[in-house]
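Let me begin by presenting the structure, written as structure tokens, before commenting on it.
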Amino acid sequence: VKGFRRLPFHAIAEQCGHPVPLVIERLKAMMEAGVVRRVRQTLLATKLAQGALVAWRVPEERLEAAFDWMKAHDPFTGHVVLRNTDSANPGADYRLWTTIKVPVGCGTLEGHCDILKRHVGADDYVLLPARGVFALGVGHMRRRNLQPGDKTPEPAPMQETKTVSLSGLEWKVLLSVKEQLKPEEMVEDPWSLRAAQMGLSTEEYCRTAEELDRKQVIGRFATFLEHVRAKTEDGPVTKYNGLFHWTVPAGMEIRAGSECGRHICMTHCYWRTGGDVFGGAQIMGVVHGLERDSVMEHKAAIDRHLDAKGIPVLHTAVFWGERSEIKPSEISPEVYEKWLEDVKAAPTLPCHIPSFLSSGPACPVANLFHERHSLPHLHSGMVAMLPQPCGACAMKTHHLYSTAMILAAAAMISAQPLSAQTISGTQTKAVNMTEGKLTVTGTGFLNVEKNAVNLNKEIQSLLEIEILE
């Protein structure tokens, strides 16, 4: 039900043709059965906070743990999704996708993501903020029997993502109205209970909520289904979801988004910036379906429509969802300030320590690693999940190491000038760097000779480390 309604269950009853008590009874039963996850008033958070889709490049071994950390420890992260795509597609190694919100006046999106990056050990992230919204609304059941190409009579209008300012009372009512209804609150007049909790009259509470609706920060009064996990004999509501990317010529973003967003199959459709890593993609949207082929048929219909409208597609790709957790994003400034304090004590995903850095207490490099690897200024490099060298070292073995790890490892022992250092107790014979290749001879870790690594010069490319017998 769109917007704020003083009697939301009455509005549902009018649409479905059942009496209000029966509507409430059935919704409660579906919640108890696990078919419905929650019933709540949604918000248009793009008006209330800075927001973005974020793509994360995380070492494969850490993906599941990073997913769990985002879900458990960041209330300002909403959607958390593991995705995959053809390895040839630009950005294929960005497998963790999230949405974030940062309340206005509480910092930046970059600052927030830097905090998350340290905690989950991500190698990189890409912010994809929305310039415009063309479609937003799930409704899997009403989309179930759509045919490819089904669309609205007119192109979808673009909603801009400008933020609005709210009074203190408006914030309080907003934060109250967005909370999901408990079963005991599912009554004919649920807002009177919320108003009483705040010490307001029902009239003042509803009048304030209606003003919020006029400011276009109120979304829908809606149920949220357990749409992936099968809960009934009918099976899941949907099984596959594809995040579609389209790159179109500059200046055609609004036209392209409007034509994509008018296709009813699209639950989300945005014009986003920052997509250079993904082949310059500007239009991104999501389609769900029970069959993978049916999702692709919807995409093919959209592609044909864009072509018929004279909109060239310079690049397109599909990132398929594997695992997902959908939760409402917190948008309260007060909650954000508290979170900043709490996150300092939140657990950081443990470092993976390569075998050649854990050769026993006699190894000074290993000791330094254990002592210093959790320091904030080294953490982003130290959590790079290095692959372990061949234990036997009987043959030439190649590994790619991130530049961040190389520099962090060197920084651990950089109390003296690098040219003066020799690490005793190892079997390393020499370390030389030529044309971007760091060659280690021996089975130990590091014996730095003059000019082997230059920390004064930023190195952008990956280094290939060659370990020889």
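Because the structure is predicted, anything quoted here is derived from the model rather than measured.
- Judged as a side-chain hydrogen bond (donor to acceptor under 3.5 Å, both in side chains), and not counting sequence neighbours, the contacts of Glu170 are Ser167, Lys215.
- Interatomic distance, Asp276 CG to Leu128 CG, rounded to the nearest 0.5 Å: 10.0 Å.
- Residue pairs meeting the salt bridge (Lys or Arg N to Asp or Glu O under 4.0 Å) criterion with at least one partner in residues 260-272, sequence neighbours excluded, are Glu259-Arg262.
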TODO: Kindly determine whether Asp342 and Lys338 satisfy salt bridge (Lys or Arg N to Asp or Glu O under 4.0 Å), including the steps that lead there.
DONE: CA-CA 6 Å; Asp342 292 345; Lys338 184 178 185 303; 2.7 Å; yes
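- Listed by chain and number, the residues in a ring pair (Phe, Tyr, Trp, His ring centres under 6.0 Å) with Trp191 are Phe4 (sequence neighbours excluded).
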- [ ] Evaluate the criterion ring-ring contact (aromatic ring centres under 6.0 Å, His included) for residue pair Tyr240 and His288; output intermediate values, then yes/no.
- [x] CA-CA 6 Å; Tyr240 294 94; His288 293 255; over 10 Å; no
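- The list of salt bridge (Lys or Arg N to Asp or Glu O under 4.0 Å) pairs with a residue in residues 87-110, not counting sequence neighbours, reads Glu60-Arg95, Arg95-Glu322.
- By the side-chain hydrogen bond (donor to acceptor under 3.5 Å, both in side chains) test, Tyr336 pairs with His112, sequence neighbours left out.
- Between Leu181 and Arg40 there is no side-chain heavy-atom pair separated by less than 4.5 Å.
- Screening residues 281-299 for salt bridge (Lys or Arg N to Asp or Glu O under 4.0 Å) gives Lys299-Asp303 as the qualifying pairs, with residues at least two apart or on separate chains.
- The side-chain heavy atoms of Pro21 and Glu188, taken from C-beta on, include a pair separated by under 4.5 Å.
- For His268 and Trp97, the ring centers sit 6.0 Å or farther from each other.
- With contacts defined as side-chain heavy-atom distances shorter than 4.5 Å, the pair Ser176/Tyr205 qualifies.
- Using the six-membered ring where Trp is involved, Trp69 and His73 have ring planes that are tilted, between 30° and 60° apart.
- For the pair Trp271 and Ile254, the minimum side-chain heavy-atom distance is below 4.5 Å.
- Using a 4.0 Å cut-off between charged nitrogen and carboxylate oxygen, Arg6 and Glu210 count as a salt-bridge pair.
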Task: Full working for salt bridge (Lys or Arg N to Asp or Glu O under 4.0 Å) between Arg214 and Glu211 - done: CA-CA 5 Å; Arg214 281 189 287 273; Glu211 178 59 26; 3.0 Å; yes
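- The ring pair (Phe, Tyr, Trp, His ring centres under 6.0 Å) search around Trp171 returns none, not counting sequence neighbours.
- By the ring pair (Phe, Tyr, Trp, His ring centres under 6.0 Å) test, Phe67 is found to be paired with no residue, residues two or more places apart in sequence or in another chain being considered.
- Residues forming a salt bridge (charged side-chain N to carboxylate O under 4.0 Å, His left out) with Lys178 (at least two apart in sequence, or on another chain): Glu330.
- Applying the side-chain hydrogen bond (donor to acceptor under 3.5 Å, both in side chains) rule to Trp56 yields the partners Thr98; only residues at least two apart in sequence or on another chain are considered.
- With a 4.5 Å cut-off on side-chain heavy atoms, Gln180 and Val39 do not count as touching.
- Under the 3.5 Å distance criterion, the side-chain polar atoms of Thr247 are matched with a main-chain donor or acceptor of Gly279.
- For residues 15-47, no pair satisfies ring-ring contact (aromatic ring centres under 6.0 Å, His included), with sequence neighbours left out.
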Task: Trace of the salt bridge (Lys or Arg N to Asp or Glu O under 4.0 Å) decision for Lys327 with Asp74 - done: CA-CA 11 Å; Lys327 56 192 177 76; Asp74 184 16; over 6 Å; no
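- Applying the side-chain hydrogen bond (donor to acceptor under 3.5 Å, both in side chains) criterion to Asp189, with sequence neighbours excluded, gives Ser192.
- Annotation: side chain of Asp68 is not in contact with side chain of Val80 (no heavy-atom distance under 4.5 Å).
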